[in-house]
There are 2 protein chains.
Amino acid sequence: MIEIPDKPMTIREAAELTGLTEDTLRYYERIDLLPPAERRPNGHRFYTAEQVQSIVFLMKLKSIGMTLAQMQQFRKLSDEGESTLSERKAIIEACYRQVNEEIEHLRSVQKVLEYKLGRYDELLSNPSPDDKGCDLSTYE
Amino acid sequence: MIEIPDKPMTIREAAELTGLTEDTLRYYERIDLLPPAERRPNGHRFYTAEQVQSIVFLMKLKSIGMTLAQMQQFRKLSDEGESTLSERKAIIEACYRQVNEEIEHLRSVQKVLEYKLGRYDELLSNPSPDDKGCDLSTYE
DNA sequence: CTATTACTTGGAGTAAACTCCAGGTCAAGG
DNA sequence: CCTTGACCTGGAGTTTACTCCAAGTAATAG
(Lines give C-alpha, C1' and ligand atoms only; values in the text may rest on other atoms or scores of the structure.)
Protein backbone atom coordinates (compact mmCIF):
# COMPACT_ATOMS: atom_id res chain seq x y z
CA MET A 1 0.00 0.00 0.00
CA ILE A 2 1.22 3.42 -0.94
CA GLU A 3 1.10 6.26 1.56
CA ILE A 4 -0.88 9.18 0.25
CA PRO A 5 -0.03 12.39 2.10
CA ASP A 6 -2.99 14.33 3.42
CA LYS A 7 -2.24 17.59 1.65
CA PRO A 8 -2.71 19.15 -1.75
CA MET A 9 -0.19 17.68 -4.17
CA THR A 10 1.40 18.86 -7.38
CA ILE A 11 0.84 17.00 -10.60
CA ARG A 12 4.32 15.57 -10.23
CA GLU A 13 3.50 14.12 -6.83
CA ALA A 14 0.15 12.82 -8.06
CA ALA A 15 1.92 11.19 -10.98
CA GLU A 16 4.41 9.47 -8.72
CA LEU A 17 1.71 8.20 -6.39
CA THR A 18 -0.52 6.89 -9.15
CA GLY A 19 2.24 5.48 -11.33
CA LEU A 20 1.10 7.64 -14.23
CA THR A 21 3.03 10.36 -15.99
CA GLU A 22 2.10 14.02 -15.74
CA ASP A 23 1.23 13.90 -19.41
CA THR A 24 -1.14 11.01 -18.82
CA LEU A 25 -2.86 12.79 -15.94
CA ARG A 26 -3.42 15.83 -18.16
CA TYR A 27 -4.53 13.56 -20.98
CA TYR A 28 -7.08 11.84 -18.75
CA GLU A 29 -8.45 15.21 -17.77
CA ARG A 30 -8.63 16.29 -21.40
CA ILE A 31 -10.66 13.28 -22.43
CA ASP A 32 -12.91 13.82 -19.43
CA LEU A 33 -11.89 10.63 -17.67
CA LEU A 34 -10.89 12.72 -14.67
CA PRO A 35 -12.76 15.82 -13.51
CA PRO A 36 -10.94 19.11 -14.05
CA ALA A 37 -8.30 19.43 -11.34
CA GLU A 38 -8.41 22.44 -9.09
CA ARG A 39 -5.84 25.13 -9.69
CA ARG A 40 -3.51 27.24 -7.64
CA PRO A 41 -3.50 30.99 -8.24
CA ASN A 42 -0.72 30.52 -10.78
CA GLY A 43 -2.80 28.09 -12.79
CA HIS A 44 -0.98 24.95 -11.68
CA ARG A 45 -3.13 21.91 -10.91
CA PHE A 46 -3.27 20.49 -7.45
CA TYR A 47 -4.71 17.22 -6.24
CA THR A 48 -6.14 16.29 -2.86
CA ALA A 49 -5.52 12.93 -1.23
CA GLU A 50 -9.09 11.92 -2.13
CA GLN A 51 -8.55 12.75 -5.76
CA VAL A 52 -5.34 10.78 -5.86
CA GLN A 53 -7.10 7.85 -4.21
CA SER A 54 -9.86 8.00 -6.74
CA ILE A 55 -7.30 7.88 -9.53
CA VAL A 56 -5.62 4.91 -7.86
CA PHE A 57 -8.95 3.14 -7.79
CA LEU A 58 -9.66 3.90 -11.43
CA MET A 59 -6.23 2.50 -12.28
CA LYS A 60 -7.21 -0.70 -10.51
CA LEU A 61 -10.21 -0.93 -12.79
CA LYS A 62 -7.92 -0.28 -15.73
CA SER A 63 -5.54 -3.00 -14.57
CA ILE A 64 -8.30 -5.59 -14.76
CA GLY A 65 -9.08 -4.65 -18.35
CA MET A 66 -11.55 -1.78 -18.18
CA THR A 67 -11.16 0.65 -21.05
CA LEU A 68 -10.85 4.39 -20.59
CA ALA A 69 -14.33 4.82 -22.07
CA GLN A 70 -15.82 2.42 -19.54
CA MET A 71 -14.00 4.12 -16.68
CA GLN A 72 -15.28 7.44 -17.95
CA GLN A 73 -18.84 6.12 -17.93
CA PHE A 74 -18.40 4.83 -14.39
CA ARG A 75 -16.90 8.06 -13.15
CA LYS A 76 -19.76 10.06 -14.63
CA LEU A 77 -22.26 7.89 -12.80
CA SER A 78 -20.46 8.61 -9.53
CA ASP A 79 -20.71 12.30 -10.30
CA GLU A 80 -24.46 11.95 -10.60
CA GLY A 81 -24.64 10.79 -7.01
CA GLU A 82 -26.86 8.43 -5.09
CA SER A 83 -29.37 7.84 -7.85
CA THR A 84 -26.87 5.77 -9.80
CA LEU A 85 -25.75 3.60 -6.89
CA SER A 86 -27.35 0.39 -8.06
CA GLU A 87 -26.14 0.96 -11.60
CA ARG A 88 -22.61 1.35 -10.33
CA LYS A 89 -23.00 -1.69 -8.15
CA ALA A 90 -24.06 -3.69 -11.20
CA ILE A 91 -20.96 -2.52 -13.06
CA ILE A 92 -18.66 -3.56 -10.24
CA GLU A 93 -20.42 -6.91 -9.95
CA ALA A 94 -19.92 -7.47 -13.66
CA CYS A 95 -16.24 -6.60 -13.24
CA TYR A 96 -15.97 -9.08 -10.44
CA ARG A 97 -17.43 -11.88 -12.52
CA GLN A 98 -15.24 -11.01 -15.47
CA VAL A 99 -12.17 -11.15 -13.28
CA ASN A 100 -13.24 -14.59 -12.11
CA GLU A 101 -13.51 -15.72 -15.70
CA GLU A 102 -10.15 -14.22 -16.51
CA ILE A 103 -8.52 -16.03 -13.60
CA GLU A 104 -10.03 -19.30 -14.80
CA HIS A 105 -8.78 -18.61 -18.28
CA LEU A 106 -5.29 -17.85 -17.04
CA ARG A 107 -5.23 -21.05 -15.07
CA SER A 108 -6.30 -23.06 -18.09
CA VAL A 109 -3.46 -21.55 -20.11
CA GLN A 110 -1.08 -22.29 -17.26
CA LYS A 111 -1.96 -25.96 -17.63
CA VAL A 112 -1.01 -25.79 -21.29
CA LEU A 113 2.25 -24.13 -20.32
CA GLU A 114 2.96 -26.83 -17.75
CA TYR A 115 2.41 -29.48 -20.39
CA LYS A 116 4.75 -27.65 -22.71
CA LEU A 117 7.43 -27.35 -20.07
CA GLY A 118 7.18 -31.09 -19.57
CA ARG A 119 7.68 -31.62 -23.28
CA TYR A 120 10.73 -29.35 -23.23
CA ASP A 121 12.23 -31.38 -20.41
CA GLU A 122 11.65 -34.58 -22.33
CA LEU A 123 13.34 -33.17 -25.39
CA LEU A 124 16.21 -31.70 -23.40
CA SER A 125 16.96 -34.98 -21.61
CA ASN A 126 16.37 -37.14 -24.66
CA PRO A 127 17.31 -35.06 -27.69
CA SER A 128 15.54 -35.85 -30.93
CA PRO A 129 16.74 -34.75 -34.36
CA ASP A 130 13.35 -33.16 -34.93
CA ASP A 131 11.33 -31.34 -32.32
CA LYS A 132 8.36 -30.58 -34.49
CA GLY A 133 5.11 -30.82 -32.67
CA CYS A 134 6.62 -29.50 -29.48
CA ASP A 135 6.50 -25.78 -29.55
CA LEU A 136 3.46 -25.22 -31.53
CA SER A 137 1.26 -28.13 -30.65
CA THR A 138 -1.65 -27.56 -28.37
CA TYR A 139 -2.47 -29.45 -25.27
CA GLU A 140 -6.15 -30.25 -25.15
CA MET B 1 -11.74 -28.23 -26.88
CA ILE B 2 -12.25 -27.53 -30.56
CA GLU B 3 -12.08 -30.34 -33.06
CA ILE B 4 -9.49 -29.71 -35.70
CA PRO B 5 -10.11 -31.81 -38.81
CA ASP B 6 -7.12 -33.76 -40.06
CA LYS B 7 -7.07 -32.35 -43.57
CA PRO B 8 -5.84 -29.25 -45.35
CA MET B 9 -8.14 -26.34 -44.61
CA THR B 10 -9.00 -23.12 -46.36
CA ILE B 11 -8.24 -19.80 -44.79
CA ARG B 12 -11.92 -19.52 -43.94
CA GLU B 13 -11.86 -22.77 -42.03
CA ALA B 14 -8.61 -21.87 -40.30
CA ALA B 15 -10.13 -18.55 -39.29
CA GLU B 16 -13.18 -20.21 -37.79
CA LEU B 17 -11.12 -22.72 -35.86
CA THR B 18 -8.72 -20.15 -34.47
CA GLY B 19 -11.29 -17.46 -33.78
CA LEU B 20 -9.38 -15.06 -36.00
CA THR B 21 -10.56 -13.40 -39.18
CA GLU B 22 -9.13 -14.22 -42.59
CA ASP B 23 -7.71 -10.72 -42.69
CA THR B 24 -5.97 -11.27 -39.39
CA LEU B 25 -4.45 -14.55 -40.56
CA ARG B 26 -3.06 -12.83 -43.64
CA TYR B 27 -1.91 -9.92 -41.51
CA TYR B 28 -0.05 -12.25 -39.17
CA GLU B 29 1.66 -13.82 -42.14
CA ARG B 30 2.56 -10.41 -43.53
CA ILE B 31 4.25 -9.30 -40.33
CA ASP B 32 6.06 -12.62 -40.17
CA LEU B 33 4.29 -13.80 -37.04
CA LEU B 34 3.17 -16.86 -38.97
CA PRO B 35 5.31 -18.65 -41.55
CA PRO B 36 4.11 -18.28 -45.15
CA ALA B 37 1.16 -20.62 -45.64
CA GLU B 38 1.39 -23.24 -48.35
CA ARG B 39 -0.61 -22.66 -51.48
CA ARG B 40 -2.88 -24.62 -53.74
CA PRO B 41 -2.23 -24.52 -57.47
CA ASN B 42 -4.63 -21.58 -57.76
CA GLY B 43 -2.65 -19.56 -55.24
CA HIS B 44 -5.07 -20.00 -52.34
CA ARG B 45 -3.56 -20.65 -48.94
CA PHE B 46 -4.17 -23.89 -47.13
CA TYR B 47 -3.47 -24.87 -43.57
CA THR B 48 -2.76 -28.27 -42.09
CA ALA B 49 -4.14 -29.36 -38.74
CA GLU B 50 -0.67 -28.85 -37.23
CA GLN B 51 -0.50 -25.29 -38.49
CA VAL B 52 -3.93 -24.52 -37.13
CA GLN B 53 -2.91 -26.03 -33.80
CA SER B 54 0.20 -23.93 -33.73
CA ILE B 55 -1.89 -20.81 -34.32
CA VAL B 56 -4.25 -21.85 -31.54
CA PHE B 57 -1.27 -22.16 -29.22
CA LEU B 58 0.10 -18.77 -30.21
CA MET B 59 -3.33 -17.29 -29.51
CA LYS B 60 -3.16 -18.76 -26.03
CA LEU B 61 0.10 -16.90 -25.52
CA LYS B 62 -1.58 -13.79 -26.84
CA SER B 63 -4.49 -14.26 -24.46
CA ILE B 64 -2.16 -14.13 -21.47
CA GLY B 65 -0.70 -10.83 -22.61
CA MET B 66 2.12 -11.69 -24.99
CA THR B 67 2.55 -9.12 -27.73
CA LEU B 68 2.76 -9.99 -31.40
CA ALA B 69 6.45 -9.06 -31.37
CA GLN B 70 7.14 -11.47 -28.52
CA MET B 71 5.19 -14.24 -30.20
CA GLN B 72 7.13 -13.56 -33.37
CA GLN B 73 10.39 -13.91 -31.49
CA PHE B 74 9.23 -17.16 -29.94
CA ARG B 75 8.07 -18.57 -33.25
CA LYS B 76 11.39 -17.74 -34.86
CA LEU B 77 13.23 -19.61 -32.13
CA SER B 78 11.06 -22.68 -32.82
CA ASP B 79 11.99 -22.41 -36.47
CA GLU B 80 15.65 -22.59 -35.55
CA GLY B 81 15.05 -26.02 -34.03
CA GLU B 82 16.58 -27.93 -31.18
CA SER B 83 19.37 -25.51 -30.44
CA THR B 84 16.93 -22.99 -29.01
CA LEU B 85 15.04 -25.41 -26.81
CA SER B 86 16.31 -24.12 -23.50
CA GLU B 87 15.77 -20.54 -24.60
CA ARG B 88 12.17 -21.33 -25.46
CA LYS B 89 11.75 -23.16 -22.20
CA ALA B 90 12.96 -20.08 -20.36
CA ILE B 91 10.41 -17.96 -22.19
CA ILE B 92 7.55 -20.27 -21.30
CA GLU B 93 8.72 -20.40 -17.70
CA ALA B 94 8.74 -16.62 -17.59
CA CYS B 95 5.21 -16.61 -19.01
CA TYR B 96 4.13 -19.03 -16.35
CA ARG B 97 5.47 -16.85 -13.57
CA GLN B 98 3.94 -13.74 -15.08
CA VAL B 99 0.57 -15.45 -15.24
CA ASN B 100 0.93 -16.32 -11.57
CA GLU B 101 1.61 -12.71 -10.76
CA GLU B 102 -1.32 -11.61 -12.87
CA ILE B 103 -3.64 -14.01 -11.09
CA GLU B 104 -2.46 -12.64 -7.75
CA HIS B 105 -3.00 -9.14 -8.96
CA LEU B 106 -6.51 -9.93 -10.16
CA ARG B 107 -7.34 -11.47 -6.83
CA SER B 108 -6.09 -8.42 -4.99
CA VAL B 109 -8.30 -6.20 -7.11
CA GLN B 110 -11.20 -8.55 -6.48
CA LYS B 111 -10.79 -7.86 -2.79
CA VAL B 112 -11.09 -4.16 -3.46
CA LEU B 113 -14.21 -4.82 -5.52
CA GLU B 114 -15.70 -6.90 -2.73
CA TYR B 115 -15.09 -4.09 -0.29
CA LYS B 116 -16.74 -1.69 -2.69
CA LEU B 117 -19.76 -3.92 -3.14
CA GLY B 118 -20.12 -3.98 0.62
CA ARG B 119 -20.06 -0.21 0.69
CA TYR B 120 -22.72 -0.08 -2.01
CA ASP B 121 -24.95 -2.37 0.02
CA GLU B 122 -24.51 -0.18 3.07
CA LEU B 123 -25.45 2.90 1.11
CA LEU B 124 -28.38 1.21 -0.60
CA SER B 125 -29.87 -0.04 2.65
CA ASN B 126 -29.10 3.12 4.60
CA PRO B 127 -29.20 5.97 2.11
CA SER B 128 -27.06 8.99 2.86
CA PRO B 129 -27.48 12.40 1.28
CA ASP B 130 -23.87 12.26 0.19
CA ASP B 131 -22.06 9.17 -1.06
CA LYS B 132 -18.71 10.78 -1.58
CA GLY B 133 -15.88 8.53 -0.67
CA CYS B 134 -17.68 5.45 -1.86
CA ASP B 135 -17.03 5.07 -5.51
CA LEU B 136 -13.66 6.50 -5.77
CA SER B 137 -12.08 5.68 -2.45
CA THR B 138 -9.52 2.95 -2.34
CA TYR B 139 -9.52 -0.02 -0.08
CA GLU B 140 -6.09 -0.61 1.35
C1' DC C 1 -20.62 -17.02 -71.84
C1' DT C 2 -21.64 -14.84 -67.63
C1' DA C 3 -22.37 -14.57 -62.82
C1' DT C 4 -21.09 -15.90 -58.40
C1' DT C 5 -18.06 -17.19 -54.91
C1' DA C 6 -13.75 -17.71 -52.75
C1' DC C 7 -9.89 -16.35 -52.63
C1' DT C 8 -5.51 -13.08 -53.91
C1' DT C 9 -2.56 -8.50 -53.35
C1' DG C 10 -0.91 -3.97 -51.74
C1' DG C 11 -2.03 -0.22 -49.46
C1' DA C 12 -4.75 2.88 -46.75
C1' DG C 13 -7.53 3.73 -42.70
C1' DT C 14 -8.94 3.04 -37.79
C1' DA C 15 -9.15 2.84 -32.64
C1' DA C 16 -7.10 3.03 -28.22
C1' DA C 17 -4.00 4.98 -25.33
C1' DC C 18 -0.73 7.45 -24.86
C1' DT C 19 3.59 10.53 -25.72
C1' DC C 20 6.04 14.36 -27.19
C1' DC C 21 6.83 19.04 -28.31
C1' DA C 22 6.91 24.12 -29.06
C1' DG C 23 5.99 28.09 -27.12
C1' DG C 24 4.25 30.50 -23.02
C1' DT C 25 3.67 31.79 -17.84
C1' DC C 26 5.07 32.38 -13.20
C1' DA C 27 7.73 32.40 -8.84
C1' DA C 28 12.15 31.96 -6.67
C1' DG C 29 17.31 32.26 -6.42
C1' DG C 30 21.67 34.51 -7.46
C1' DC D 1 17.48 41.62 -14.10
C1' DC D 2 18.20 37.09 -15.72
C1' DT D 3 17.99 32.31 -15.38
C1' DT D 4 16.09 28.09 -13.85
C1' DG D 5 12.53 24.92 -12.98
C1' DA D 6 7.91 23.52 -12.67
C1' DC D 7 4.07 23.95 -14.72
C1' DC D 8 0.66 25.41 -18.61
C1' DT D 9 -1.78 24.79 -23.55
C1' DG D 10 -2.99 22.97 -28.05
C1' DG D 11 -1.78 20.08 -31.34
C1' DA D 12 0.81 16.63 -33.69
C1' DG D 13 3.01 12.11 -33.69
C1' DT D 14 3.53 7.15 -32.13
C1' DT D 15 2.55 2.29 -31.22
C1' DT D 16 -0.12 -1.82 -31.42
C1' DA D 17 -3.12 -4.53 -33.60
C1' DC D 18 -5.96 -4.84 -36.60
C1' DT D 19 -9.59 -3.79 -40.43
C1' DC D 20 -11.18 -2.45 -44.74
C1' DC D 21 -10.98 -1.81 -49.59
C1' DA D 22 -10.19 -1.84 -54.64
C1' DA D 23 -8.75 -4.40 -58.20
C1' DG D 24 -7.56 -8.91 -59.87
C1' DT D 25 -7.70 -14.22 -60.56
C1' DA D 26 -9.66 -18.86 -60.64
C1' DA D 27 -12.98 -22.40 -60.43
C1' DT D 28 -17.92 -23.50 -60.47
C1' DA D 29 -23.05 -23.02 -61.52
C1' DG D 30 -26.57 -21.86 -64.64
Side-chain angles (χ1 to χ4, degrees), chain A residues 5 7-48 51-52 55-76 95 98 102, chain B residues 5 7-48 51-52 55-76 95 98 102:
Chain A
K7 50 138 195 175
M9 285 162 275
T10 65
I11 192 168
R12 167 165 290 280
E13 289 166 323
E16 266 167 31
L17 289 168
T18 57
L20 300 170
T21 67
E22 298 167 43
D23 262 328
T24 301
L25 279 170
R26 283 187 288 253
Y27 166 68
Y28 283 175
E29 193 177 317
R30 241 197 301 198
I31 63 167
D32 204 31
L33 170 58
L34 298 178
E38 285 195 81
R39 302 302 182 107
R40 295 196 195 277
N42 63 7
H44 289 197
R45 288 171 181 80
F46 69 90
Y47 298 84
T48 64
Q51 288 167 331
V52 170
I55 296 166
V56 168
F57 177 66
L58 284 176
M59 291 311 104
K60 285 184 199 293
L61 293 183
K62 181 168 192 292
S63 75
I64 61 171
M66 205 183 254
T67 66
L68 299 191
Q70 289 169 324
M71 288 155 62
Q72 203 178 74
Q73 166 67 6
F74 180 79
R75 214 264 302 154
K76 275 179 184 160
C95 283
Q98 278 167 36
E102 176 64 7
Chain B
K7 51 138 194 174
M9 286 161 276
T10 65
I11 192 167
R12 166 165 291 278
E13 290 167 322
E16 266 166 31
L17 289 168
T18 57
L20 300 171
T21 67
E22 298 167 43
D23 262 328
T24 301
L25 280 171
R26 283 187 288 253
Y27 167 69
Y28 283 175
E29 193 177 317
R30 239 195 304 196
I31 63 167
D32 204 30
L33 171 58
L34 298 178
E38 284 195 82
R39 302 303 181 106
R40 295 196 195 278
N42 64 5
H44 289 197
R45 287 171 182 81
F46 70 92
Y47 298 84
T48 65
Q51 287 166 332
V52 170
I55 296 166
V56 169
F57 177 66
L58 284 176
M59 289 312 106
K60 285 186 199 290
L61 294 184
K62 182 168 192 290
S63 75
I64 61 171
M66 205 182 254
T67 65
L68 300 190
Q70 289 169 325
M71 287 155 63
Q72 202 179 76
Q73 167 66 7
F74 180 79
R75 213 266 300 156
K76 275 178 184 162
C95 284
Q98 278 167 35
E102 177 64 8

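Proteins get letters first, then strands, A, B, ... in listed order; numbering begins at 1 in each. As a basis for the values below, the full set of heavy atoms in this structure was taken, side chains included, without hydrogen atoms, waters or symmetry mates.
- Remark: A/Lys62, A/Thr67, A/Leu68 in residues 62-72 of chain A come within less than 4.0 Å of DNA chain C through at least one heavy atom.
- The OH atom of A/Tyr47 sits 11 Å away from the C1' atom of D/dC7 (whole-angstrom rounding).
- Between A/Lys60 and A/Ser63, the shortest heavy-atom contact is O-OG, 2.7 Å.
- Remark: A/Arg30 pairs with no residue by the side-chain hydrogen bond (donor to acceptor under 3.5 Å, both in side chains) rule, at least two apart or across chains.
- The side chain to side chain contact (heavy atoms under 4.5 Å, CB included) search around B/Glu22 returns B/Ile11, B/Arg12, B/Ala15, B/Arg26, not counting sequence neighbours.
- The heavy-atom pair separating B/Phe74 from B/Leu61 by the smallest distance is CD2-CD1, 4.2 Å.
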Scan nucleotides 23-30 of chain D against the protein and return all N/O pairs shorter than 3.5 Å with their distances rounded to 0.1 Å.
none

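- Between A/Arg40 atom CZ and D/dG5 atom P the separation is 20 Å, expressed in whole Å.
- For B/Glu16, there are no side-chain hydrogen bond (donor to acceptor under 3.5 Å, both in side chains) partners at least two apart in sequence or on another chain.
- Under the side chain to side chain contact (heavy atoms under 4.5 Å, CB included) criterion, B/Pro35 pairs with B/Arg75, sequence neighbours left out.
- Residues passing the side chain to side chain contact (heavy atoms under 4.5 Å, CB included) test with A/Lys62 are A/Tyr28, A/Met59, A/Leu68, A/Met71, sequence neighbours excluded.
- Here the straight-line distance linking atom CG of A/Leu34 with atom CD1 of A/Ile55 works out to 5.0 Å at 0.5 Å rounding.
- Straight-line distance from the CD atom of B/Glu13 to the P atom of C/dA6: 12 Å, rounded to whole Å.
- OP1 or OP2 of D/dC8 lies within a sub-4.0 Å distance of a side-chain N or O belonging to A/Arg45.
- Annotation for A/Ala37 and A/Phe46: closest pair CB-O, 4.1 Å, computed over non-hydrogen atoms.
- Between the two ends of the helix from C/dC1-D/dG30 to C/dG30-D/dC1, each summarised by a five-pair axis, the helix axis turns through 20° (rounded to 10 degrees).
- Every residue two or more places apart in sequence or in another chain was checked for a side-chain hydrogen bond (donor to acceptor under 3.5 Å, both in side chains) with B/Gln98, and none qualifies.
- Checked against side-chain hydrogen bond (donor to acceptor under 3.5 Å, both in side chains), B/Glu38 has no partners two or more places apart in sequence or in another chain.
- Of all the residues in residues 20-39 of chain B, B/Arg26, B/Arg30, B/Arg39 reach under 4.0 Å from DNA chain C with at least one non-hydrogen atom.
- Here the shortest heavy-atom pairing between B/Tyr47 and B/Gln51 reads CA-OE1, 3.3 Å.
- Scored by the side chain to side chain contact (heavy atoms under 4.5 Å, CB included) test, A/Pro5 finds A/Lys7, A/Met9, A/Leu17 as partners (sequence neighbours excluded).
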